[in-house]
Amino acid sequence: MNEYPDLQKTIRALADKSRMEILTALIDGKFHTVSELAKKAKIKSHTATYHLKILCELNWVSFYKQGRNVYYHLCSEDVANLLEHLMNISPIKNKQSFNQNREYQNLKFGRSCYKHLAGKIGISFFNYLQQNEYVKLDDGILTLTSKGTVYFESIGIEIDRIKMQSGIFIKPCLDWTERTFHLGGNLGKSFFDLCLRHKYIVLDPESRSVRLTLSGEKFFSTFIS
């Protein structure tokens, strides 16, 4: 086979502002309708449909039909990781309005990163895991210790079940606002699910940000300095 990756096609896809807005909205790992994505990208629905067609052709985005509704989501965590890495190396632009600054501060405090918990509360939890030797980070490789297994089991996360899932069990994920790591992999997803299940966090319907509930403030008080 004389086939090479078409990097230029990838760059062209990422160069469009509206497509980047759509992809950024999809980092939350959830399904979204065309109208929802159009609203987030501040474009018309037919324009969003055009961009989604391009993203589907790249196999970055796929769709699911239910009745008359069509829902779109990212095909894989690789795309979310690519976007997060690009955010880490991109220059910072000034926030031009109060609403933009408020949205940024909300995202900085806590947000979903393809079903991981990111932002200040995410990295505070990761730091807590390291300080207590529940996880060990060595040369970019993250491992769960025996102490960590006991800890996660104690808060209701079944480690053996997660290890049987397809995909990466545990990994560090570089946080674009905090410039350090939060918990990724299937273990990170399970912790995020636990936070939702116990209503420690509430998702913002308009963005990827999350906020702590009263019970969440109590739970995270151990982690957040």
Side-chain angles (χ1 to χ4, degrees), residues 1-93 95-96 99-100 103-104 106-108 110-119 122 165-168 171 173-177 182 184-186 188-189 192-193 196 203-210:
M1 293 178 62
N2 293 318
E3 297 179 354
Y4 292 88
D6 191 346
L7 186 58
Q8 291 297 321
K9 191 172 184 179
T10 298
I11 293 172
R12 286 195 298 271
L14 293 172
D16 186 273
K17 181 179 182 296
S18 295
R19 282 197 286 274
M20 284 298 295
E21 292 287 349
I22 289 172
L23 287 170
T24 301
L26 291 171
I27 294 179
D28 63 6
K30 297 190 294 184
F31 288 83
H32 294 270
T33 64
V34 171
S35 59
E36 290 170 342
L37 295 170
K39 182 180 178 181
K40 291 177 185 293
K42 297 180 175 60
I43 55 178
K44 301 292 185 180
S45 290
H46 66 85
T47 305
T49 299
Y50 164 76
H51 290 304
L52 285 164
K53 180 181 178 182
I54 292 174
L55 296 173
C56 286
E57 289 172 352
L58 288 167
N59 293 319
W60 292 2
V61 172
S62 61
F63 61 87
Y64 173 78
K65 289 186 177 180
Q66 182 167 288
R68 300 173 64 181
N69 297 316
V70 182
Y71 300 88
Y72 292 85
H73 70 114
L74 289 184
C75 289
S76 76
E77 192 172 342
D78 288 338
V79 179
N81 289 336
L82 170 63
L83 295 172
E84 287 283 330
H85 288 313
L86 287 174
M87 290 176 183
N88 275 306
I89 64 173
S90 297
I92 303 300
K93 63 180 180 180
K95 296 169 284 297
Q96 298 177 350
N99 287 336
Q100 284 181 326
E103 180 181 359
Y104 173 76
N106 289 340
L107 289 170
K108 182 176 174 64
R111 66 185 182 279
S112 61
C113 172
Y114 202 74
K115 303 178 184 178
H116 305 152
L117 185 61
Q165 297 173 352
S166 61
I168 299 173
K171 69 174 184 177
C173 188
L174 188 59
D175 195 293
W176 70 269
T177 58
H182 60 252
N186 290 335
K189 293 178 184 178
F192 187 78
D193 289 340
L196 288 174
L203 299 172
D204 186 328
E206 299 298 326
S207 71
R208 292 192 292 131
S209 66
V210 303

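We count residues from 1, following the sequence as given.
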For residues 54-74, please give each side-chain donor-acceptor pair under 3.5 Å, one per line with the distance, not counting sequence neighbours.
residue : atom : partner : partner atom : Å
Ser62   : OG   : His73   : NE2          : 3.0

Rounded to the nearest 0.5 Å, what separation is found between the OG atom of Ser18 and the NZ atom of Lys44?
12.5 Å
Start with the C-alpha gap between Thr10 and Asp6, add the side-chain angles, then the distance that decides, and say whether side-chain contact (heavy atoms from CB on, under 4.5 Å) holds.
CA-CA 7 Å; Thr10 298; Asp6 191 346; over 6 Å; no
Is the CD1 atom of Ile168 crowded by more than 12 outside heavy atoms at less than 6.0 Å?
no
Please report the interatomic distance CZ(Arg19) to OG1(Thr47), rounded to the nearest 0.5 Å.
11.5 Å
Using 4.0 Å as the upper bound for N to carboxylate O, is an ion pair formed by Lys39 and Glu21?
no
Quick check: do Lys17 and Ile22 have side-chain heavy atoms less than 4.5 Å from each other?
no
Using every non-hydrogen atom in the two residues, find where Val34 and Ser45 come nearest and quote the distance to one decimal.
CG1-O, 3.4 Å
Quick one, Leu117 and Arg111 - any side-chain contact, counting heavy atoms below 4.5 Å?
no
Taking Ser166's backbone N and O only, do any of them form a donor-acceptor pair with Asn186's side chain (distance below 3.5 Å, no angle check)?
yes
So, does Asp175 use its side chain to make a donor-acceptor pair with the main chain of Ala118 at under 3.5 Å?
no
How many angstroms lie between atom OG1 of Thr24 and atom CD1 of Ile27, to the nearest 0.5 angstrom?
5.0 Å
Which atom pair, heavy atoms only, marks the closest approach of His116 to Cys173?
ND1-SG, 4.2 Å
Just wondering, are more than 12 heavy atoms of other shown residues or ligands nearer than 6.0 Å to NZ in Lys40?
yes
Which value, rounded to the nearest 0.5 Å, describes the distance between Leu23 atom CG and Leu52 atom CG?
8.5 Å
Mind checking the OG-NZ spacing from Ser112 to Lys30? Nearest 0.5 Å is all I need.
6.5 Å
Hey, does the side chain of Arg208 reach the backbone of Tyr114 with a donor-acceptor pair shorter than 3.5 angstrom?
no
d(Lys9 NZ, Leu14 CG) to nearest 0.5 Å is 13.0 Å
Output, in order, the C-alpha distance, side-chain angles, deciding distance and verdict of side-chain contact (heavy atoms from CB on, under 4.5 Å) for Leu203 and Asp28.
CA-CA 10 Å; Leu203 299 172; Asp28 63 6; over 6 Å; no
Could you walk me through whether Glu103 and Ser209 satisfy the side-chain contact (heavy atoms from CB on, under 4.5 Å) test, starting with their C-alpha distance in whole Å, then the side-chain angles of each, then the deciding distance to 0.1 Å, before giving a yes or no?
CA-CA 8 Å; Glu103 180 181 359; Ser209 66; over 6 Å; no
Do Asp16 and Met20 make a side-chain contact, defined as non-hydrogen atoms from C-beta onward lying under 4.5 Å apart?
no
Considering only heavy atoms from C-beta outward, does the side chain of His51 approach that of Ile43 to under 4.5 Å?
yes
